[in-house]
Amino acid sequence: MNYWLMKSEPSEFGIDDLKACEDRVTHWDGVRNYQARNFMRDGMKKGDLAFFYHSNCEHPGIVGMMRVHREAYPDHTAFDCNDKHFDPKSNPDNPRWMMVDVKYVRKLKNTIELAELKGFAEGELKDFPLLRKGNRLSIMPVTKQQWEFILSLA
DNA sequence: GCCAACGTTGGC
DNA sequence: GCCAACGTTGGC
């Protein structure tokens, strides 16, 4: 089993929105970055666990966990010219962007803030992509060691 | 709101 | 293939 971290802006779609979804499942649409897409398409397997990360907000950090519920399939929002993430270069015959379905697992009692994680950038979380300077990946792998260490902070 | 870092686009 | 211009991300 693999571990992941997936970012979302809580003003757009936060962990409470996921929890409120029917069956607590939603499709993770809108990824428009090739590296992030490749992680989803090539790496994510049903049953994998992922941290839910709130970005671009007052207290960015890890707020909970979810599980991959369905493996990668075409992101239909890329075909919809009314959608915020419309991409005219993607079409149903040759979809450029993919998404997975994720299911809510649980919220953490307290957010593990980015500021706290940064304290381990030279130690336990060395090489964690989230802490790399200029990192903009919205989906990234987490090693088992990193996963367990981060959870121990919660 | 600012801005650094990064990815993408497109002219050449 | 290079690279300048531009757009986006996301912390602060």
Side-chain angles (χ1 to χ4, degrees), chain A residues 2-21 26-44 48-68 72-102 104-143 145-147 149-154:
Chain A
N2 295 312
Y3 300 91
W4 307 93
L5 179 144
M6 301 168 80
K7 295 181 185 174
S8 183
E9 301 188 14
S11 60
E12 294 288 323
F13 188 86
I15 191 157
D16 290 325
D17 297 307
L18 174 60
K19 192 177 178 182
C21 287
T26 194
H27 48 267
W28 200 266
D29 63 24
V31 172
R32 297 293 180 269
N33 170 283
Y34 289 105
Q35 205 179 349
R37 179 204 65 184
N38 293 348
F39 283 132
M40 271 200 304
R41 185 189 61 191
D42 306 331
M44 279 194 186
D48 284 357
L49 286 168
F51 285 131
F52 195 127
Y53 180 90
H54 279 177
S55 65
N56 208 5
C57 56
E58 191 175 358
H59 295 290
I62 293 166
V63 294
M65 297 158 58
M66 50 197 170
R67 195 176 285 283
V68 177
Y73 60 105
D75 181 343
H76 58 78
T77 65
F79 312 142
D80 177 0
C81 63
N82 293 316
D83 193 277
K84 182 181 174 187
H85 301 290
F86 173 61
D87 180 355
K89 290 173 183 166
S90 188
N91 64 74
D93 295 329
N94 185 21
R96 174 181 289 205
W97 304 113
M98 309 290 278
M99 61 187 180
V100 296
D101 286 355
V102 291
Y104 175 89
V105 173
R106 67 181 175 89
K107 269 170 86 166
L108 300 177
K109 287 198 185 71
N110 300 297
T111 298
I112 306 171
E113 293 193 24
L114 177 63
E116 182 181 1
L117 294 172
K118 280 184 170 173
F120 303 99
E122 305 301 327
E124 288 86 345
L125 297 180
K126 195 171 181 299
D127 302 325
F128 188 38
L130 183 73
L131 304 180
R132 276 207 294 264
K133 188 180 175 78
N135 161 68
R136 289 168 52 184
L137 261 187
S138 61
I139 294 179
M140 68 189 72
V142 181
T143 67
Q145 290 77 13
Q146 289 163 347
W147 179 274
F149 176 73
I150 291 167
L151 266 189
S152 77
L153 301 172

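So you know, we letter chains A, B, ... as the sequences are listed, proteins then strands, and number each from 1. All heavy atoms count here, side chains included; hydrogens, waters and symmetry mates do not.
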Position toward the 5' end of DNA chain B (nearest nucleotide), A:N56 or A:R96: A:N56
How long is the span from the CG atom in A:L117 to the CD1 atom in A:I62, to the nearest 0.5 Å? 5.0 Å
Compare every heavy atom of A:G30 with every heavy atom of A:T77, then report the nearest pair and how far apart it is. OG1-N, 4.2 Å
Quick one: are the ring centres of A:F52 and A:W4 less than 6.0 Å apart? no
Span of DNA chain C in contact with chain A (heavy atoms, under 4.0 Å): C:dG7 to C:dC12
For residues A:T26 and A:C21, report the shortest heavy-atom separation together with the two atoms involved. CB-SG, 3.8 Å
A:R32 side chain to A:S90 side chain, donor-acceptor N/O pair below 3.5 angstrom: no
